Amino acid sequence: MKKKRILLKIGSNTLTKETDNLSRGKIEDIANQIQKLQDTHEFIIVSSGAIAVAKQFVKLESQREEVFVKQALASIGQPHLIRIYQEIFREYGLLSSQCLLSYSDFEKQESKTNIVNTINVLVNNNYIPIINENDTVATDEIKFGDNDKLGALTASLLNVDLFIIATNTNGIYTKESIEKGTPKTISDVDNFDALRAQVVNSKSTHGSGGMQSKIEAATVAKAANIETWIVNGLEDNFMINAMEDKVAFTKISCNVSKPL
């Protein structure tokens, strides 16, 4: 049986569980779910968190623009982030690898071909690629959407079956319910214009994205006929619970049903 390919995008706010420290427990939760699903699913992860990790133990002094400080923090934090993933995944019998990409990689055919070939070799040999933006050489990209767009572009390039965005809400809420203080999840979406009208744009504590960037990411995925789920990654077992319809989350349908 062909395995279902999932791209999981997990942001800083989810990885820190909305604190100032990276949550090892959250990475354990991800590893535990992947271990349970690995016979029927293969995973590619787009993970933020390098800057959040660095901020735990470093304070950089600089008169330069904030973007350069962020790039320096990313450079310090990225090796630590990958080490933590590798340590925890190993405990669950999972192999992992690091891939750093920049948006310019998606503009050249040769680069895109190399990304696909490399990641397919990794996945076919049971390695889970952990992708992050190459923040150290990025310019405007570091400010964009907490890796939501990177996740969508990667999902499209790799022709995944499902794009899961783990965030800190139970999907996208209706505008009216947020205004009333009783958030109600929009479960199924097939009309993007109607969806955009519902979005209250707010950014997360550590992340640079908001719900707007997640909708833009889902738009990219939909154009590639990939279904997107926006789920609450703060909850334990969030992927499996969504698959079993045990929790509220937003499902953004693609144009064409893919054979699984």
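When reading the values below, keep in mind they use all heavy atoms of this one structure, side chains included, and skip hydrogens, waters and symmetry mates. Fair warning: this is a prediction, and the values are worked out from it, not measured in the lab.
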Check whether any side-chain heavy atom of Lys4 sits under 4.5 Å from a side-chain heavy atom of Thr40, and report yes or no.
-> no
Starting at CD1 of Ile128, measure out to CG of Leu122 and round the result to the nearest 0.5 Å.
-> 11.0 Å
Donor-acceptor contact present, side-chain Lys3 to main-chain Gln38, <3.5 Å | yes
Test salt bridge (charged side-chain N to carboxylate O under 4.0 Å, His left out) applied to Asp29 - qualifying residues, sequence neighbours left out = Lys26
Which residues pass the salt bridge (charged side-chain N to carboxylate O under 4.0 Å, His left out) test with Lys59, sequence neighbours left out?
-> none
Quick one: are Ser47 and Ile10 in side-chain contact, heavy atoms under 4.5 Å?
-> yes
Non-neighbouring partners of Lys246 that pass side-chain hydrogen bond (donor to acceptor under 3.5 Å, both in side chains), sequence neighbours left out | Glu244
Out of curiosity, Phe106 CZ to Lys149 NZ, how far, rounded to the nearest 0.5 Å?
-> 10.0 Å
Flag if over 12 foreign heavy atoms under 6.0 Å of NZ, Lys184 | no
side-chain hydrogen bond (donor to acceptor under 3.5 Å, both in side chains) partners for Asn32, two or more places apart | none
What are the two closest heavy atoms between Ala166 and Phe238, and how far apart are they?
-> CB-CE1, 3.9 Å
Val247 side chain near Val231 side chain, heavy-atom distance below 4.5 Å | no
Hits for side-chain hydrogen bond (donor to acceptor under 3.5 Å, both in side chains) against Ser177, two or more places apart or cross-chain, chain-then-number order -> Thr174
Would you please name every residue forming a side-chain hydrogen bond (donor to acceptor under 3.5 Å, both in side chains) with Lys251, sequence neighbours left out?
-> none
Can you name the one residue among Ile45, Val46, Leu100, Ile115 that meets side chain to side chain contact (heavy atoms under 4.5 Å, CB included) with Ile131?
-> Val46
List the steps, then state whether side chain to side chain contact (heavy atoms under 4.5 Å, CB included) holds for Asp161 with Lys2.
-> CA-CA 11 Å; Asp161 297 296; Lys2 184 177 179 290; 4.2 Å; yes
Quick one: side chain to side chain donor-acceptor pair (under 3.5 Å) pairs with a partner in residues 118-129, sequence neighbours left out?
-> Arg5-Asn120
Measuring from Lys55:NZ to Asn21:CG, what's the distance to the nearest 0.5 Å?
-> 12.0 Å
Without hydrogens or angle criteria, can the side chains of Asn147 and Ser48 be said to hold a donor-acceptor pair below 3.5 Å?
-> yes
Acceptor/donor pairs from residues 87-99 side chains to any protein atom, 3.5 angstrom cut, sequence neighbours excluded:
residue : atom : partner : partner atom : Å
Glu87   : OE1  : Arg24   : NH2          : 3.2
Glu87   : OE2  : Arg83   : NH1          : 3.2
Gln98   : OE1  : Gln78   : NE2          : 3.1

Going by the ring-ring contact (aromatic ring centres under 6.0 Å, His included) test, which pairs reach into residues 3-42, not counting sequence neighbours?
-> none
Output the rest of the hydrophobic cluster of Leu234: all Ile, Leu, Val, Met, Phe, Trp and Tyr residues reachable through side-chain heavy-atom contacts under 4.5 Å, sorted by chain and number.
-> none
Might you work through the side chain to side chain contact (heavy atoms under 4.5 Å, CB included) test for Ile30 and Ile34, ending with a clear yes or no?
-> CA-CA 6 Å; Ile30 293 165; Ile34 291 174; 3.8 Å; yes
Measure across Asp105 and Leu101 and return the closest heavy-atom pair with its distance rounded to 0.1 Å.
-> OD2-CA, 3.5 Å
At what distance, to the nearest 0.5 angstrom, does CG of Leu8 lie from CD1 of Ile130?
-> 10.0 Å
Distance from Ile252 atom CD1 to Ile226 atom CD1, nearest 0.5 Å?
-> 12.5 Å
Carefully, step by step, assess Gln56 and Asp20 under the rule side chain to side chain contact (heavy atoms under 4.5 Å, CB included).
-> CA-CA 7 Å; Gln56 286 178 215; Asp20 289 328; over 6 Å; no
Within-4.5 Å side-chain heavy-atom neighbours: Tyr173 and Thr185 = yes
Which residues share a salt bridge (charged side-chain N to carboxylate O under 4.0 Å, His left out) with Glu107, sequence neighbours left out | none
Between atom CG of Leu22 and atom CG of Leu15, what is the distance when rounded to the nearest 0.5 Å?
-> 5.5 Å
Looking only at atom types and distance, does a side-chain atom of Thr250 sit under 3.5 Å from a main-chain N or O of Ile230, one as donor and one as acceptor?
-> no
Are any non-hydrogen side-chain atoms of Ile6 and Met243 less than 4.5 angstrom apart?
-> yes
Pair Thr167, Thr169: side-chain N/O donor-acceptor within cut-off below 3.5 Å | no
By ring-ring contact (aromatic ring centres under 6.0 Å, His included), Phe249 pairs with (sequence neighbours left out) Trp229
For Val220 and Ser156, what are the C-alpha separation, side-chain angles and deciding distance, and is it a side chain to side chain contact (heavy atoms under 4.5 Å, CB included)?
-> CA-CA 8 Å; Val220 172; Ser156 304; 3.8 Å; yes
